[in-house]
Amino acid sequence: MSARVGLIERFRERLPFGPDDPVVSMGEGSTPLVEARALSERVGARVWLKLEGLNPTGSFKDRGMCCAVSAAVREGSEAVICASTGNTAASAAAYAARAGLRGAVIVPEGKIATGKLAQALVHGARVVVLHGNFDDALRLVRELVEHHPISLVNSVNDYRLEGQKTAAFELVENLGGDLDGLCIPVGNAGNVTAYWKGFQELDRSPRLFGFQAEGAAPLVLGAPVAQPETVASAIRIGNPARWEEAMAAFTASRGEVRAVSDAEILDAYAFLAQREGVFCEPASAASVAGLLKYGAGGCERIACVLTGHGLKDPQTALDRAGGVIPCEPDLAALERAVLG
Ligand code: F0G
C-alpha cells in the first residue's frame, strides 16, 4: 500500500513550491466526496458533500496550513502565530509542532469549541485567550507581526489560499465540468476566495453560494458587524479579511452570499447527522442550511463543503441530542431499555 500523498506533492506544479523546498505535510487533502441521497431528494438536485473534516486535524485549514508552514520553514521562520475561532489554531499548532516551530494562537474568550482548544493545547502551542472577539484578535496579530519576526498564518497569508484552492482541484477531478454550484460557509472569507482561485485556474466557474450566520453576516449586510453572535462559533466573524475578493468571486460566478439563522444551521446539522450519517460542526452545516433554505437555484449538480468535523464541538452535539438511557445490569431491564 502506498502512503497517502500530501497536497504539495500531489499538486506541486500548481503550487509555489519547488522540488527541493521543505515540505511540512501530514497527508492533508484528498478528502472524500460523498453523494447525499436524502439531501438530494429534498432539494431536487444531485448533491455531494465534500468531507473536509477528514483532514489530519479535522478541518479544511490543514490544506492552507501545510503550505503556510512549509513556506515559513523555507523563509527560516522560528515561530508562527494566528488569530482564530479555533480550527486555524488547532491546525497551526499541529503543523508548527511537526515543523519544530514555536506556535502561538490567539482565540476569543469563551467562544472556542472544546475539541479545538484541546488540540491547540495538546500540540504545545501558546494559547492566548483574548478578552475580545476574533476581529479584535486578527487586528492585533497583524500589528504584532509588524514588530516581530513571526510568520502570520491566518488566511491573509497567500500561502493559505494556495493550499486551500486544491479542494477545488479535487472537486473538478471528481465531478469534471459538471459541477454547477458550490455551497460554502463564510467567515473570514478566505476559503471561498481560495475555491474561486482554484476553479479559475482550471477554467471552471460553478456558481458560488456562500452562507453566513444571521448574527454574523457582514457580507450580506454590506457593513461590518461589531458584536457578531452565532452558535456556529467558527464563523462568528464581523469583519472578514478577504471581504472584497469574496464579493468579487460571488459576483463573477453569478452566485450569492446569504444568511441562515442559528435554528436553520442546527436543523441542517441534525439532518446531516441523522439522515446522511455525517457529523460536521455547526459552521459547516451552514452550507447545507443555505441549500435547504434557498434551494438549488436551477443548479443540477451541487457540492456542499463540510468544513470541519463534528467532534470538534462535542458540547453543541450533546446539547442538541437526546439523553442516554440508564439501565440496571439485568436482562429484563435491558429489554425495557432497548425495546421499550
Ligand atoms: N467552517 C469552519 C469549520 C471554519 O473553521 C471556518 C473558519 C469557516 C468555515 C469559514 O472559513 O474563514 O475562510 O471564510 N475558521 C477560521 C478559524 C476563522 O479561525 O478557524 P473562512
Side-chain angles (χ1 to χ4, degrees), residues 31 50-55 57-65 68 81-94 105-108 111-113 115-117 119-120 125 127 130 133-138 141 152-157 160-161 163-165 167 182-198 208 210-213 216-220 228 230-243 245-247 249-250 257 260 265 268-269 279-290 304-313 316:
T31 54
K50 181 74 168 154
L51 303 187
E52 288 291 283
L54 274 72
N55 276 296
T57 76
S59 85
F60 72 94
K61 305 289 181 179
D62 296 338
R63 293 181 186 272
M65 207 55 72
I81 191 168
C82 65
S84 179
T85 57
N87 281 323
T88 302
S91 187
V105 304
I106 320 299
V107 299
K111 300 293 181 182
I112 164 169
K116 304 173 188 180
L117 185 59
Q119 287 179 290
V127 179
L130 191 75
N133 62 28
F134 171 85
D135 303 290
D136 299 322
L138 184 56
V141 291
L152 181 61
V153 294
N154 277 106
S155 60
V156 295
N157 177 329
R160 283 278 312 279
L161 299 200
Q164 286 168 214
K165 77 182 181 187
L182 183 84
C183 295
I184 182 167
V186 177
N188 210 25
N191 208 27
V192 70
T193 302
Y195 269 85
W196 186 240
K197 186 170 199 294
L208 302 183
F211 299 102
Q212 301 202 286
L219 298 184
V220 181
T230 168
V231 66
S233 59
I235 52 171
R236 185 174 165 271
I237 293 173
N239 192 11
R242 296 278 184 178
W243 185 308
E245 287 145 292
M247 291 311 293
F250 290 125
V257 59
V260 286
I265 288 173
Y269 171 80
F279 186 23
C280 65
E281 65 171 287
S284 308
S287 60
V288 171
C304 293
V305 185
L306 298 187
T307 45
H309 201 288
L311 289 172
K312 292 276 192 173
D313 187 356
T316 299

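Order of appearance sets the numbers: ligands from 1, and atoms from 1 within every ligand.
- When non-hydrogen atoms are compared, ligand 1 lies under 4.0 Å from neither the backbone nor the side chain of Arg242.
- A distance-only check finds no donor-acceptor pair linking the side chain of Lys61 to the backbone of Gly308 [under 3.5 Å].
- In summary, the atoms of ligand 1 found under 4.0 Å from a heavy atom of Thr307, numbered by their order in the structure, are 1 (N), 2 (C), 3 (C), 9 (C).
- Of all the atoms in ligand 1, the ones that sit under 4.0 Å from a non-hydrogen atom of Asn87 are 2 (C), 3 (C), 4 (C), 5 (O), 20 (O).
- Here Lys312 has no heavy atoms under 4.0 Å from ligand 1, in either its backbone or its side chain.
- The closest approach between a heavy atom of Ala189 and any atom of ligand 1 is below 4.0 Å.
- By the 3.5 Å distance cut-off applied to N or O atoms, Lys61 is counted among the residues near ligand 1.
- In terms of N/O distances under 3.5 Å, ligand 1 is approached by Gly187.
- Counting atoms of ligand 1 from 1 in the listed order, those under 4.0 Å from a heavy atom of Ile235 are 8 (C), 9 (C), 10 (C).
- When each atom of ligand 1 is checked for a heavy atom of Ser84 under 4.0 Å away, the hits are 17 (C), 19 (O), 20 (O).
- Which parts of ligand 1 touch Ile237 is read off a 4.0 Å heavy-atom cut-off, strictly below it: atoms 18 (C).
- Contact analysis leaves Ile184 out of contact with ligand 1, as no non-hydrogen atom separation drops below 4.0 angstrom.
- Per-residue contacts place Val186 under 4.0 angstrom from the following atoms of ligand 1 (heavy atoms of the residue considered): 14 (O).
- Near Asn188, the atoms of ligand 1 lying under 4.0 angstrom from a non-hydrogen atom of the residue are 12 (O), 14 (O), 21 (P).
- Interface atoms of ligand 1 facing Asn191, defined by a heavy-atom separation under 4.0 Å, are 13 (O), 21 (P).
- Among protein heavy atoms, the minimum distance from atom 11 (O) of ligand 1 is reached at Phe60 CZ, 3.5 Å.
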Go through the steps to decide whether Glu52 and Arg63 satisfy the test salt bridge (Lys or Arg N to Asp or Glu O under 4.0 Å), and finish with yes or no.
-> CA-CA 9 Å; Glu52 288 291 283; Arg63 293 181 186 272; 2.6 Å; yes
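- The protein heavy atom nearest to atom 4 (C) of ligand 1 is Ala234 CB, 3.5 Å.
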